Amino acid sequence: MSARVRMAAAALPLLTAACSYQHYQSTFSDAAVEVRQFNILFVIFLVVCAIMYALVLAFLIIALLRRHRAKANVMEEGRHHETDPLMSTGLIGWGALVGTGLVALAIASFFADRSMASAAAQPKLLVTVTAKQWWWDVRYEAGDKSKTFHTANEIHLPVGVPAQIVLESDDVIHSFWVPSLAGKQDLIPGRVNDISITPQRIGIYRGQCAEYCGAEHAKMALIVDVDSYGDFLKWWQHQLQSAPQPTTPLATAGYNFVTSRNCAACHAIAGTPASGTVGPDLTHLASRRSIAAGAMPMSEGNLYGWVADPQSIKPGNHMPTVGLEPDQLHAVVAYLKTLK
C-alpha cells in the first residue's frame, strides 16, 4: 500500500468524525405502536410514583413538626404528649393508598402488555436479525424461498404493517434497540428471541446494540427505514435482483479481483462467484446509508478508507487489512460503487 493511501486511511476517522447522522433516535417518539404503549405506561408510572413521593415528603415534614412539638410539651409540662388518635387512621389510609397505587400499576402494565401482544398477534412481515461482532445480518423471510434475501446493517419496514423481528446471535450477547420504534430485546447465543414493531410514521430511525459486546460495541449501529407500502415493495423487488454487471474497464478489474480473491471467501454478491457467509452480503452495498454498521456514512472516500485499512477505523473487526496496491484499490472501489 502506498504512503498516500496509508495517510488517507489514517486521516479518515478524523474526517468522518465531523459528519453527523440525522437519523431520529428518541425514547419519547410515537412512531410505532409498541413505543407508544411503552410511553403511556411510563407516564402512568411516573405520575403515580411522583404522587407517592410527594406524599412521603409531606408526611415526613409533618412527622418532624409533630416530633418537635412533642419534645416542647415534655419540657414545659413534664409529661409525654398523648398519641394522636388520628395517627392510626392515617397509617391505615396510607397503607390503603399504597395498595391502590400498586394495583393500578399492575392493571396498567397488564393492559399495555395485552395491547402490544394484540398488535403482534398476526405479523405480516418476518425478518431475522443475527447479531455478530460487530454488525447485523438481516434476512427477509418469505414462503417462496426464491424471494428470501440477505442484507446488512439496515432494516426496511412498511408503515402500518406489523413486523416480527426474530433475534439471534452468533457469538456473544447483544441487544437490539431502536428507541423510536420499540424497547430493547437481547440476542443470546443458542436462544431465539423476537420483538414486534408496527411502525406508524414514515422516516429513518437509528438503532444500536445496547449490550456491551466487545471492543467495537459503540460502532454497532443499525438503521431502520420505514417506507410507504409501495416503496417497500419496490425496495424488496430491487433486493431480489442480482448485482449489476460492471460496465467500465476499471469496475471490471475490480469485479475480477473481488470475486476471485480474498473478498469472495467472506462476502456474497448475488449473480457472481462470490458466495462467502462470514461477512455482510454486498449485493446492494452502495445503496446503504452507512459502512461498517454505522461507523461512517456511505461515500466513495469512506469506501477507500474502509477497503484500504479497516482495522484503523474499527480495530478488532474480522475484516483483515489485505494490503491492496493503489491500482487494485481503485478497481475494487469502482466496482463496489456499482453495487446499488
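Keep in mind that this is a model prediction, so the values were computed, not measured. This chain uses plain numbering: 1 for the first residue, then up along the sequence.
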Taking the six-membered ring where the residue is Trp, are the ring centres of H150 and Y140 under 6.0 Å apart?
no

I need the T321 OG1 to N262 CG distance, nearest 0.5 Å.
11.5 Å

Under 3.5 Å donor-acceptor, H267 side chain and G276 backbone:
no

Using a 3.5 Å distance criterion without hydrogens, assess whether the side chain of K219 forms a donor-acceptor pair with backbone atoms of G294.
no

Side chains of H284 and L339, heavy atoms from C-beta outward: is any pair under 4.5 Å?
no

Specify the closest pair of heavy atoms between I313 and M296, including all atoms of both residues, with the distance to one decimal.
CG2-CE, 2.9 Å

Specify the closest pair of heavy atoms between M220 and C213, including all atoms of both residues, with the distance to one decimal.
SD-SG, 3.9 Å

Membership question, hydrophobic clusters at under 4.5 Å side-chain separation (ILVMFWY): are W235 and L222 in the same one?
yes

Looking at CG of D227 and CG of L157, how far apart are the two atoms once the value is rounded to the nearest 0.5 Å?
8.5 Å

Does a side-chain heavy-atom distance below 4.5 Å link C209 with H217?
yes

Transitively linked via ILVMFWY side-chain contacts under 4.5 Å: W136 with L181?
yes

Within the distance-only criterion (no hydrogens, no angle test), does the side chain of D309 pair as donor or acceptor with the backbone N or O of G305 below 3.5 angstrom?
no

Sequence neighbours left out, what passes salt bridge (charged side-chain N to carboxylate O under 4.0 Å, His left out) with R261? Give chain and number order.
none

Close side-chain approach of N317 to W306, heavy-atom, < 4.5 Å:
yes

Does a side-chain heavy-atom distance below 4.5 Å link D194 with Q185?
no

Rounded to the nearest 0.5 Å, what separation is found between the CG atom of L167 and the CG atom of L187?
4.5 Å

Do V333 and H330 have side chains that approach each other closer than 4.5 Å (heavy atoms only, starting at C-beta)?
no

Closest contact, heavy atoms only, Q311 versus G316:
OE1-N, 2.8 Å

Stepwise side-chain contact (heavy atoms from CB on, under 4.5 Å) test for L105 and I44:
CA-CA 8 Å; L105 294 180; I44 293 173; 4.2 Å; yes

Rounded to the nearest 0.5 Å, how far apart are OG1 of T198 and NZ of K124?
11.0 Å

Please report the shortest heavy-atom distance between I269 and A243, naming the atom on each side.
CG2-CB, 3.5 Å

Quiz: residues 170-177 side-chain donor-acceptor pairs under 3.5 angstrom, not counting sequence neighbours:
| residue | atom | partner | partner atom | Å |
| --- | --- | --- | --- | --- |
| D170 | OD2 | K132 | NZ | 2.4 |
| D171 | OD1 | H174 | NE2 | 2.7 |
| D171 | OD2 | Q133 | N | 2.9 |
| S175 | OG | D186 | OD1 | 3.2 |

Contact summary for P158 and P199, nearest pair of heavy atoms
O-CG, 3.5 Å

E141/R139 ion pair, N-O < 4.0 Å:
yes

Would you sort out whether D30 and N39 count as a side-chain contact (heavy atoms from CB on, under 4.5 Å), showing the intermediate values?
CA-CA 8 Å; D30 61 350; N39 288 339; 5.6 Å; no

More than 12 heavy atoms of other residues, nucleotides or ligands under 6.0 Å from CZ of F42: yes or no?
no

Do F257 and L329 pass the side-chain contact (heavy atoms from CB on, under 4.5 Å) test, and can you show the C-alpha distance, the side-chain angles, and the key distance before you say yes or no?
CA-CA 10 Å; F257 185 94; L329 178 60; over 6 Å; no

Same cluster or not: V48 versus F111, using hydrophobic residues (I, L, V, M, F, W, Y) connected whenever any side-chain heavy atoms lie under 4.5 Å apart?
no

Do H156 and F232 have their ring centres less than 6.0 Å from each other?
no

Distance col, row N153:CG vs I223:CD1, nearest 0.5 angstrom, shows 8.5 Å

Quick check: do Y304 and N302 have side-chain heavy atoms less than 4.5 Å from each other?
no

Kindly compute the distance separating CG (L233) from OG (S228), expressed to the nearest 0.5 Å.
8.5 Å

Is a donor on one side and an acceptor on the other found under 3.5 Å between the side chain of T259 and the backbone of A274?
no

I want to know whether W236 and Y229 have ring centres closer than 6.0 Å.
no

So L250 and Y255, side-chain contact (heavy atoms from CB on, under 4.5 Å) or not? Walk me through it.
CA-CA 9 Å; L250 186 62; Y255 167 87; over 6 Å; no

Tell me whether V47 shares a hydrophobic cluster with L97, the cluster being built from Ile, Leu, Val, Met, Phe, Trp, Tyr side chains joined at under 4.5 Å.
yes

Check the orientation of H318 and W134. Use parallel for under 30°, tilted for 30 to 60°, and perpendicular for over 60°.
parallel

Can you find a pair of side-chain heavy atoms, one from V224 and one from I204, that are under 4.5 Å apart?
no

Mind checking whether Q239 and Q237 have side chains closer than 4.5 Å, heavy atoms only?
no

Of the non-hydrogen atoms in A270 and T283, which two are nearest, and what is the gap between them?
N-OG1, 2.9 Å

Whether Q200 side chain and V33 backbone form a donor-acceptor pair below 3.5 Å:
no

Salt-bridge test for R289 and D225: reply yes if a basic N is under 4.0 Å from a carboxylate O, no otherwise.
yes

When hydrophobic residues are tied together by side-chain contacts of less than 4.5 Å, even through go-betweens, does V43 share a cluster with I107?
no

